[in-house]
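Contents: one structure, followed by commentary.
Convention: sequence-line order gives letters A, B, ...; per-chain numbering from 1.
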Amino acid sequence: MTALVIEGLEKVYTDAYSGEEVVAIGDVSFTVEQGEFVSVLGPSGCGKTTVLNAVAGFVDPTGGEVRVDGHEVRGPGPDRGVVFQSHALFPWKTVLGNVTFGLRVQGIRRREREERGREFLELVGLDGFERRYPHELSGGMQQRLGVARVLTNEPAVMLMDEPFASIDAQTRRRLQEDLTRIFEKRRPTVFFVTHDIDEAVFLSDRIVVLSHRPSSVQEIVPVDLPRPRTWRAAVDAPAFRDTVARINDLLRVDEDPEAGEPEPAGGGAGA
Amino acid sequence: MAVRTPRTRRPVPVHRRVWARLTRSPAFRTLGPFVPVVALWWILAESGLFPPAFFVGPDVVAAEFVEMVRKGVLPGYLSDSLERLVYGVGFGLLIGLPMGFLTAMSLRVRRALWPILLFFQAIADIAWLPIVIVWFGFSLTAVTFVIVYTIMFPLMLSVVSGVEQVPRELVRAARSLGAGRTRVFFEVVVPGALPSIATGIRTGLGYGWRALVAAEIIVGTSGIGFMMFDARRVGDVSQVFLGMIVLGVLWYMLDALILAPFEKATVERWGMVRSLEEGDR
């Protein structure tokens, strides 16, 4: 079954000062199947994050539509949980309070929601930290909590916006392996935005490669790597290296001759 | 910088250990900084540089304190002042916080209210006293009015800037976890704005405290401000000194017993602000 359908998505911004119109997304269409891990890759400033924000319901598209489980997206909702690059944890809530927030909104009784919260904390390796506050955790642990907070809510699709971009390289590798392990175990539907080609290939079932602004889908690349995946196995696998090389070519071929403007903070066109 | 290893470390001398323990005790940390101030004051008074009618030493003020407490004047004035402060601050918070959130959350309210806010902020609290006395006479209402007025503006401004500082992604995270607007307000916007609001309450209280003393001097029939002004009239400098010290001590206690513990239990515990005394670590 198809979990997420993006059809002819278009987003045009009007610059607040000059009044100029900027086309962030020209025409983007693709689908994500249930239990599938799909990444969106593209040159910096190509509007990857804008696509995610449209799916999350944070921005209204100016054209096309987004459907989750057959329903058209109108504003944010619990069927589309978001893992942010900045973690976006609630500093005033404990680890357990953060992870059970969504269940509390649903009105689930305390005992049951804490039980389910603990289950997902254990899944991401945060058991024993229930009573801590987010600022007492390391960056890697904070992002594990961000993932657990979304998974506990059991959304139709988990949206991840460059979740590991601000984490050091060593920890990032571990988090990627842990995410893969969690994905293989529970099979959530994941929509993942990144500018890191290796990361996209390692994690994904399919990769949507976007073109320069106004962005459209350049190509959808399937990743033919067996699961369960580990970095050790992936770096030696010809399929991994071939896919990385292919995407590298795709992004390079399309390289804008006048590119070279610095990437805005956080990557992507932002909101 | 020298690298210390356990082998080369020599035992710490006794006097240094005693000193270290002393400086870490809460009483020392509270009172210690005042020791040189009081000493300097005493030396100045004893030096005879100023005539005793203008400048008295700590010993005279202490004697005056004992005398005023014994006669029951100081406790009476003190409770009058505190009662006014509690009323003023209570109503100030009750009005200022909701107004602040309303201004912060609604663009329409803000557009309508902002020019009015700026206009009234310019009229100093004391400038209201003449008309307030005409309206309410020399009463608790008059003093309360002035304190509420003084507290409201810094409070409202701090709420508005606090709400603006709440990261957009926190609101988005809550919304995509299913929270509606009301829940987002109470569970994300309010706690997110708390560091700024705490600062606003601190500033507002400070202003309110000063306004109270000023109002007591003008309106006063009792209270610490009245005591000081009345003492000046009869030329009793020691009571003026005593009043000033009482004001400082009270503010310090208000901070140490209410404001600081509140911040320690909330914004500092959540890692949103660093404690002032903690410094950079």
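For V188(B), the parts sitting under 4.5 Å from any heavy atom of chain A are the backbone and the side chain alike. Only the backbone of L89(A) comes within less than 4.5 Å of a heavy atom of chain B; no side-chain atom from C-beta onward does. Proximity to chain A (any heavy atom under 4.5 Å) is shown, for R175(B), by both the backbone and the side chain. Within the 4.5 angstrom heavy-atom criterion, atoms from both the backbone and the side chain of P191(B) approach chain A. Residue F101(A) touches chain B through its side chain alone, counting heavy-atom pairs closer than 4.5 Å.
Side chain of H87(A) to main chain of G140(A): no donor-acceptor pair is present (N/O by atom type, distance under 3.5 Å, no hydrogens or angles). The backbone N or O of E114(A) lies less than 3.5 Å from no partner atom in the side chain of E119(A), so there is not a single donor-acceptor pair. Using modelled atom types, one side-chain atom of S215(A) and one backbone atom of A24(A) make a donor-acceptor pair closer than 3.5 Å.
Ranked by heavy-atom pairs shorter than 4.5 Å toward chain B, the options S86(A), P78(A), G102(A) are led by P78(A). When each of Q106(A), R104(A), K93(A) is scored by its heavy-atom pairs under 4.5 Å with chain B, the top score falls to R104(A).
In terms of heavy-atom proximity, G178(B) sits nearest to V105(A) at O-CG1, 3.2 Å.
Annotation: cation-pi pair R168(B)/F58(A) absent, no NZ/CZ under 6.0 Å from the ring centroid and within 45° of its normal.
Partners of P188(A) under the side chain to side chain contact (heavy atoms under 4.5 Å, CB included) rule, at least two apart in sequence or in another chain, are L151(A), F183(A), R186(A), V190(A).
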